[in-house]
Number of protein chains: 2
Amino acid sequence: MTPRSAPTATPKAGDPAPRMRAEDRRELVLRAATRVFGERGYHGATTDAIAKAAGVSQPYVVRMFDGKEALFLEVLGRALERVSASFRQAIAELPPGASPLDRAHCIGAAYGELLSDRGLLLSLMHAFVAGADPEIGAAARSGFLQIYRLLRDEAGLSPDEVTGFLAEGMLLNTLVGLRMGLEVDDDPAAAELVQHVAPTKHALLVQLAKARTV
Amino acid sequence: MTPRSAPTATPKAGDPAPRMRAEDRRELVLRAATRVFGERGYHGATTDAIAKAAGVSQPYVVRMFDGKEALFLEVLGRALERVSASFRQAIAELPPGASPLDRAHCIGAAYGELLSDRGLLLSLMHAFVAGADPEIGAAARSGFLQIYRLLRDEAGLSPDEVTGFLAEGMLLNTLVGLRMGLEVDDDPAAAELVQHVAPTKHALLVQLAKARTV
DNA sequence: CCAGCTTGTAATCATTCGATTACCTCATAG
DNA sequence: CTATGAGGTAATCGAATGATTACAAGCTGG
């Protein structure tokens with residue numbers, strides 16, 4: 001019955017407090033929020049669930065980010081930032097004479113890596129269907145267009161190539177959101193679908209689908 | 001200035017009651033629910049908003065469908081049904097010797113028509129990112145796979161053709177969800193994007209984006 | 001040591017929302 | 001007429017949730 005310790009991992013409930021610099025704590029909460037928003041969407045996620053996932057109290061989450069909406073906007077901004085950075089890095093590492101198709105393929109690989117950051121792409125998807133919300137919708141549109149321009153101008157893809165790329169990405173995101181990986185063992189059509197959308201990411205999609213967030 | 005009638009449209013508030021057969025009322029509520037769920041998602045939509053949109057009282061909505069979740073599942077089922085029916089009709093009307101690309105194009109046109117049913121495709125999208133929910137997720141996965149099989153088996157498309165078709169559809173849905181039509185007047189990139197994703201639906205996307213639900 | 005800022009929590013509040021209950025009011029059959 | 005059942009609402013409830021307030025416990029420089 002050792003009532004002490006367990007300081008590193010899964011944060012204990014109610015207990016006093018592990019101390020930390022505000023900036024680090026902020027990062028921790030943002031990561032937790034990304035996961036929870038990704039799982040349940042903006043309205044479905046509660047500040048309490050986020051707080052529990054981050055191992056802090058609910059009021060702290062609310063005060064630290066000045067409310068739930070501001071927190072979501074911060075999560076959205078971070079997610080867009082990470083996608084942009086990932087694309088830019090892939091572009092910088094492209095071989096000099098790569099064809100548009102090669103370029104799209106390499107950037108797509110970079111996008112695939114983002115899948116492992118649970119919640120990131122799903123938080124984006126939730127923002128993308130929230131266009132009716134004044135604040136979130138505006139931020140989401142702006143972010144989406146920023147990605148579009150990046151692909152067109154910095155990656156040098158034609159508008160048709162960009163839309164083709166984005167379309168594939170949206171389908172991939174949808175499969176993740178659906179947890180389609182849960183069906184691949186039972187339904188041959190699901191296995192075939194996943195195989196054709198993400199040939200190299202089959203296992204990851206299954207793993208993500210089966211993961212539980214807190 | 002005929003002050004009478006207008007029985008079909010905007011229902012009055014609080015007032016006694018327009019009478020109707022339960023089955024018709026059910027249809028009315030389902031349509032309203034489709035719009036509201038499409039606008040705000042499952043968690044964001046309230047039974048009260050749906051009731052107001054349908055011109056009935058909130059308890060009636062809840063009792064008629066045995067709760068909000070059952071109502072959403074019904075909306076989801078109807079939406080999938082309509083998509084399937086629309087695709088099947090397009091397939092039936094195909095010229096005999098149509099190439100896979102032609103077939104996909106015709107079915108895509110049918111899909112485009114569904115855009116005018118405000119909320120239908122958006123309710124689907126919201127279901128597609130709700131895979132973490134036990135009930136909704138299962139229904140959404142099943143529905144998505146049903147569409148996949150329809151396109152593969154009844155439309156005779158190859159798995160790659162199907163995924164290409166679905167990818168385009170998901171991007172189109174995302175643009176609708178984003179209300180990207182709001183930006184086409186201010187941002188050339190938005191105009192270009194919409195133009196390349198839905199050349200023939202440009203005006204409709206703008207109109208949908210500016211529409212207000214209730 | 002202790003003043004003061006930072007990091008955090010417990011307690012609690014006001015709203016909102018889905019659900020329940022009890023009731024009202026038309027239609028129509030006998 | 002009136003009994004009966006279907007269509008529909010007003011009133012209200014309990015739980016959940018985002019926010020606020022007040023307070024506790026560490027660090028750190030003088």
Side-chain angles (χ1 to χ4, degrees), chain A residues 4 7 10-30 32-33 36-37 39-75 126 130 133-136 214, chain B residues 7 11-30 32-33 36-37 39-75 126 130 133-136 214:
Chain A
R4 263 277 139 264
T10 46
K12 313 160 291 180
D15 273 3
R19 200 76 176 225
M20 196 175 287
R21 279 178 25 207
E23 199 182 335
D24 297 339
R25 182 71 72 191
R26 201 182 159 85
E27 211 63 37
L28 229 158
V29 173
L30 275 170
V36 177
F37 279 132
E39 289 279 322
R40 319 196 203 189
Y42 173 66
H43 291 286
T46 67
T47 55
D48 191 61
I50 293 168
K52 281 189 171 56
V56 297
S57 68
Q58 179 262 346
Y60 199 26
V61 171
V62 171
R63 215 188 31 184
M64 176 172 266
F65 291 93
D66 202 39
K68 180 179 168 180
E69 180 171 282
L71 172 55
F72 184 80
L73 290 172
E74 177 95 18
V75 165
H126 282 291
D133 181 281
E135 306 280 338
I136 297 175
V214 178
Chain B
K12 312 162 290 180
D15 275 2
R19 203 73 175 228
M20 198 175 286
R21 279 177 25 205
E23 197 181 337
D24 297 339
R25 182 70 72 188
R26 201 181 161 84
E27 211 63 37
L28 229 158
V29 173
L30 275 170
V36 177
F37 279 132
E39 289 279 323
R40 318 197 203 188
Y42 172 65
H43 291 286
T46 68
T47 54
D48 191 61
I50 293 168
K52 282 189 169 57
V56 297
S57 68
Q58 179 262 346
Y60 198 27
V61 170
V62 170
R63 216 188 30 186
M64 174 172 268
F65 291 92
D66 201 38
K68 179 180 167 178
E69 180 171 282
L71 171 56
F72 185 80
L73 289 172
E74 177 95 18
V75 164
H126 282 290
D133 181 281
E135 306 281 336
I136 297 176
V214 177

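Heavy atoms only: backbone and side chains are in, while hydrogens, waters and symmetry mates are out.
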>> Looking at every non-hydrogen atom in both residues, tell me the closest pair between B:A49 and B:R40 and how far apart they are.
In response: CB-NH2, 4.3 Å

> C:dC23 C1' sits how many Å from B:R63 CZ, rounded?
Replying inline: 11 Å

> Taking only residues two or more places apart in sequence or in another chain, which ones pass side chain to side chain donor-acceptor pair (under 3.5 Å) with B:S57?
Replying inline: none

> Of the non-hydrogen atoms in A:R25 and A:Y60, which two are nearest, and what is the gap between them?
Replying inline: CG-CE2, 4.0 Å

>> Just the rounded figure in Å: distance from C1' of C:dT15 to CG of B:D48.
In response: 13 Å

> Whole Å only: how far is the NE2 atom of B:H43 from the P atom of D:dA15?
Replying inline: 20 Å

> Does any N or O donor sit under 3.5 Å from an N or O acceptor when you compare the side chain of A:R25 with the base of C:dT6?
Replying inline: no

> Which part of the nucleic acid, if any, lies within contact of A:S57, taking any heavy atom under 4.0 Å across all strands shown: a base, the sugar-phosphate backbone alone, or nothing?
Replying inline: base

> Once you round it to whole Å, what is the distance between P of D:dG18 and CE of A:M64?
Replying inline: 18 Å

> Side-chain contact, heavy-atom cut-off 4.5 Å: A:L28 with A:M20?
Replying inline: yes

> If you check every side-chain atom of A:T46, which of D:dT17, D:dG8, C:dA19 has the closest atom?
Replying inline: D:dT17

> Atom CD of A:Q58 to atom C1' of C:dG8: distance rounded to whole Å?
Replying inline: 13 Å

>> With rounding to the nearest 0.5 angstrom, report the CD1 to CD distance, B:I50 to B:E39.
In response: 12.0 Å

> Among D:dA6, D:dT17, D:dT20, which is the nearest nucleotide to the side chain of B:R19?
Replying inline: D:dA6

> Of the candidate nucleotides D:dT9, D:dA19, C:dG8, which contains the atom at the shortest distance from the side chain of A:K68?
Replying inline: D:dA19

>> Here's a test of your reading of the structure: between A:G67 and B:Y60, which maps to the more 5' nucleotide of DNA chain D?
In response: B:Y60

Could you list the donor-acceptor pairs under 3.5 angstrom formed by side chains in residues 62-74 of chain B, with sequence neighbours left out?
from	atom 1	to	atom 2	distance (Å)
B:K68	NZ	B:Y42	O	3.0
B:K68	NZ	B:A45	O	2.7

> Between B:E23 (CD) and D:dA6 (C1'), how many Å, whole number?
Replying inline: 14 Å

> Which nucleotide in the list C:dT21, C:dG18, D:dA19 gets nearest to the side chain of B:P59?
Replying inline: C:dT21

> Taking all non-hydrogen atoms of both residues, which atom of A:I136 and which atom of A:D133 are closest, and how far apart?
Replying inline: N-OD1, 2.8 Å

> Looking for any heavy atom pair under 4.0 Å, which part of the strands does A:A45 touch: base, sugar-phosphate only, or nothing?
Replying inline: sugar-phosphate

> What is the distance from CZ of A:F72 to C1' of D:dA19, rounded to the nearest Å?
Replying inline: 20 Å

> Once you round it to whole Å, what is the distance between P of D:dT17 and CD of A:E69?
Replying inline: 18 Å

> Looking only at side-chain N and O atoms, does B:T47 come under 4.0 Å of OP1 or OP2 in C:dG18?
Replying inline: yes

> Taking a pair as Watson-Crick (N1 to N3 plus N6-O4 or O6-N4) or G-U wobble (N1-O2 and O6-N3), both under 3.5 Å, which stems of 3 or more consecutive pairs involve DNA chain D?
Replying inline: C:1-30 with D:1-30

